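Only one structure is covered here, and it is reproduced in the block below.
When reading the values below, keep in mind they use all heavy atoms of this one structure, side chains included, and skip hydrogens, waters and symmetry mates. As the structure is a computational prediction, the values presented were derived from the model and not from experiment. Residue numbers start from 1 in every chain, and the chains themselves are labelled A, B, ... in the order their sequence lines are given, proteins ahead of strands.
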There are 2 protein chains.
Amino acid sequence: MRARPRAKPASPDARGAAARRRPYDVESLLEVAIAVFNEQGYDGTSMEDLSRRLGITKSAIYHHVESKEQLLRMALDRALEGLFTLVADIGATDQPAIERLEALVRGGVEVLIDRLPYVTLLLRVRGNTALEHYALERRRSFDTIVAELVKQAEADGDIRPDVDPGLTARLLFGMVNSLADWYRPSDHLERSEVVDAVTRLAFEGLRTPRGQPMGSAQVPGCIAQPSGLGESSLLGSGRAGAARGK
Amino acid sequence: MRARPRAKPASPDARGAAARRRPYDVESLLEVAIAVFNEQGYDGTSMEDLSRRLGITKSAIYHHVESKEQLLRMALDRALEGLFTLVADIGATDQPAIERLEALVRGGVEVLIDRLPYVTLLLRVRGNTALEHYALERRRSFDTIVAELVKQAEADGDIRPDVDPGLTARLLFGMVNSLADWYRPSDHLERSEVVDAVTRLAFEGLRTPRGQPMGSAQVPGCIAQPSGLGESSLLGSGRAGAARGK
DNA sequence: CATAACCGTCAGAACGTTCGGTCGGCAAGT
DNA sequence: ACTTGCCGACCGAACGTTCTGACGGTTATG
């Protein structure tokens with residue numbers, strides 16, 4: 001039943017299709033592979049899935065690439081390289097912590113957008129294999145850098161002291177990293193627009209600026225919240241406009 | 001049919017182990033399964049992995065559960081139920097949008113923490129199967145609700161108008177959802193502490209409150225930023241302490 | 001109070017399928 | 001003639017799932 005010797009003229013169509021398309025190299029193949037990984041998850045993507053998307057056979061993939069894991073490794077390396085280049089650039093400056101932190105956030109958003117597929121993959125790694133474990137460790141060391149910057153800025157009195165620095169750092173970059181879950185370059189949402197939005201929200205908060213109400217709704221400028229300012233704004237905020245309710 | 005009375009000593013060890021342990025039911029099995037899913041990813045977890053962790057065989061799992069996917073479905077349902085119960089509760093009130101939004105954020109953090117394993121799984125779904133696609137749709141409809149609340153609060157003049165509402169909403173819940181990536185109940189980090197931290201950061205920003213500097217470092221209270229307030233705080237903030245730079 | 005019927009729980013051994021990966025060879029450009 | 005890009009056939013292992021049946025405990029009956 002089995003044991004079909006060898007040879008065969010093969011179908012000329014298949015060859016033709018391969019010839020007509022621009023042949024793959026490692027780079028173009030990687031691009032597609034990572035896109036599929038991000039759609040279906042790394043574990044959820046089989047080499048056959050990849051081959052189908054590439055329009056070539058599984059074995060053809062192995063002509064360009066050593067293993068499935070190598071594809072992942074290349075992606076993770078590019079993501080990590082982007083992040084650590086960023087911290088190196090910022091570390092070379094001598095601004096105060098708060099400004100370095102802001103630069104880190106802005107730069108973080110830029111790296112995330114510029115290398116979206118790579119960073120997306122990095123953010124989803126769970127540490128199953130040795131490679132993933134390594135990537136996870138590097139990522140953690142990046143997070144530590146952020147946390148220490150936050151701590152320093154807090155010591156400088158430049159960011160609110162009523163939240164734990166580690167917690168702040170995680171939430172801050174949690175917000176940044178969430179970009180990977182929804183940002184698509186095709187949304188014609190400018191990179192700079194996102195950078196500004198993140199920076200504003202993170203540093204100034206989403207509530208209408210107290211110092212200078214913009215447009216309508218005037219506010220008694222600069223009112224001092226009753227010290228425990230965040231407990232609950234449901235009472236005593238004295239805010240007009242509350243009656244609007246839809 | 002199966003009239004095989006007593007006979008066969010078989011292996012006493014294996015049986016004994018099963019008998020000595022409190023037997024599994026769907027609930028206890030689900031708990032372990034979801035923990036493993038969250039460690040290794042759903043696709044990265046085989047039924048054999050599960051059986052190893054449970055201390056029973058693969059076939060024994062199928063005595064309690066119809067399929068691997070059913071385990072996922074149960075988890076996703078619990079996560080979604082938590083989120084939509086929350087929006088139902090909030091929808092029943094008639095507070096202004098900004099306060100409902102804050103309640104949604106606080107409640108979102110609480111749901112996420114209370115049902116951490118379930119929500120974590122939900123947040124990692126990529127829409128491969130029909131089930132995942134359904135979960136993804138439901139999640140999207142939740143996000144839409146958030147976005148509309150943000151839009152309304154912005155129309156009320158209660159949150160900053162210089163950021164697109166959809167963008168704001170995504171970033172806001174991006175921050176909330178990032179909890180799933182690092183929060184562990186064992187960190188003895190109180191739930192309420194996290195809720196407050198998220199709320200403060202999201203609504204007031206992480207910069208030291210302008211209206212009322214706490215502790216040291218005085219700030220010229222209530223200075224009016226030059227209208228385009230967020231462009232870059234590197235210049236002109238007039239902040240002292242900048243000299244500290246480590 | 002014994003015992004037989006029945007139940008939930010699980011092991012063991014398979015099922016067919018799909019996995020990541022290998023191999024020999026063909027076609028075309030240089 | 002050699003390299004580059006690829007195909008089709010194939011492998012052993014692992015996958016999710018199913019089947020048969022053994023075991024301990026409960027319950028109903030005599």
Side-chain angles (χ1 to χ4, degrees), chain A residues 1-29 32-33 36-37 40-73 128-129 131, chain B residues 1-29 32-33 36-37 40-73 128-129 131:
Chain A
M1 218 29 160
R2 27 173 101 270
R4 207 73 81 92
R6 284 292 155 192
K8 248 6 153 19
S11 53
D13 332 82
R15 305 294 182 174
R20 243 171 275 121
R21 202 209 324 97
R22 188 177 94 271
Y24 286 109
D25 59 1
V26 195
E27 204 60 32
S28 54
L29 194 149
V32 176
V36 182
F37 287 164
Q40 315 186 352
Y42 177 73
D43 286 318
T45 302
S46 70
M47 292 303 270
E48 215 164 291
D49 288 337
L50 277 190
S51 77
R52 222 169 296 131
R53 277 283 276 270
L54 289 161
I56 59 179
T57 57
K58 262 198 304 178
S59 46
I61 299 176
Y62 283 96
H63 174 74
H64 299 279
V65 147
E66 277 187 2
S67 66
K68 187 187 177 187
E69 194 173 35
Q70 185 196 323
L71 290 166
L72 180 60
R73 181 171 56 250
N128 265 349
T129 69
L131 168 64
Chain B
M1 186 177 178
R2 50 165 85 269
R4 215 44 116 118
R6 299 298 134 96
K8 293 300 176 74
S11 55
D13 331 84
R15 307 295 180 177
R20 244 171 273 121
R21 201 209 327 98
R22 189 174 95 274
Y24 286 108
D25 59 359
V26 195
E27 203 62 30
S28 54
L29 195 148
V32 176
V36 182
F37 287 164
Q40 316 186 350
Y42 177 73
D43 286 318
T45 303
S46 71
M47 292 303 269
E48 213 165 296
D49 288 337
L50 278 190
S51 78
R52 235 185 321 257
R53 276 285 276 270
L54 290 162
I56 60 178
T57 57
K58 270 196 297 179
S59 48
I61 299 176
Y62 283 96
H63 174 74
H64 299 280
V65 147
E66 276 187 5
S67 66
K68 187 187 178 188
E69 195 173 34
Q70 185 196 324
L71 290 167
L72 179 61
R73 182 171 55 249
N128 263 350
T129 68
L131 168 64

>> Tell me whether the side-chain N/O atoms of B:His64 come closer than 4.0 Å to OP1 or OP2 in C:dC10.
In response: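 For C:dC10, OP1 or OP2 has a side-chain N or O of B:His64 closer than 4.0 Å.
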
> Should A:Tyr62 be listed as having a side-chain N or O under 4.0 Å from OP1 or OP2 of C:dT22?
Replying inline: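 No, because none of the side-chain N or O atoms of A:Tyr62 sits under 4.0 Å from OP1 or OP2 of C:dT22.
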
Are the side chains of [Y] and [X] in contact, using a 4.5 Å heavy-atom criterion?
| X | Y | result |
| --- | --- | --- |
| B:Leu71 | B:Leu29 | yes |
| B:Tyr24 | B:His63 | no |
| B:Leu50 | B:Phe37 | yes |

Rounded to the nearest angstrom, tell me the gap between atom [atom1] in [X] and atom [atom2] in [N].
| X | N | atom1 | atom2 | answer |
| --- | --- | --- | --- | --- |
| A:Gln70 | C:dG21 | CD | P | 10 Å |
| A:His63 | C:dG25 | NE2 | C1' | 13 Å |
| A:Leu29 | D:dG5 | CG | P | 11 Å |
| B:Glu27 | C:dT9 | CD | C1' | 18 Å |
| A:Ile56 | C:dC26 | CD1 | P | 20 Å |
| A:Asp25 | D:dT3 | CG | C1' | 16 Å |
| A:Met47 | C:dT22 | CE | P | 10 Å |
| B:Lys68 | D:dT17 | NZ | P | 8 Å |

> Taking B:Asn128 for the side chain and A:Gln40 for the main chain, is one N or O donor matched with an acceptor at less than 3.5 Å?
Replying inline: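 Yes: the side chain of B:Asn128 pairs with the backbone of A:Gln40.
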
> Quick one: does B:Asp25's side chain have a donor or acceptor within less than 3.5 Å of a partner on B:Ser28's backbone?
Replying inline: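 Between the backbone of B:Ser28 and the side chain of B:Asp25 there is a qualifying donor-acceptor contact (under 3.5 Å).
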
> Under the 6.0 Å and 45° cation-pi test, does A:Lys68 pair with A:Tyr42?
Replying inline: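 So A:Lys68 does make the cation-pi contact.
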
> Which sits closer to the 5' end of DNA chain C, A:Asp43 or A:Ala60, going by the nucleotide each is nearest to?
Replying inline: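 Whichever sits nearer the 5' end wins; that is A:Asp43.
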
> What does nucleotides 13-18 of chain C look like as a protein-contact string, B for base, S for sugar-phosphate only, - for none, at under 4.0 angstrom between heavy atoms?
Replying inline: -B----

>> How long is the straight-line distance from NZ of A:Lys58 back to CD of A:Glu48, given to the nearest 0.5 Å?
In response: 5.0 Å

> Heavy atoms under 4.0 Å, any strand shown: does B:Ser51 hit a base, just sugar-phosphate, or nothing?
Replying inline: nothing

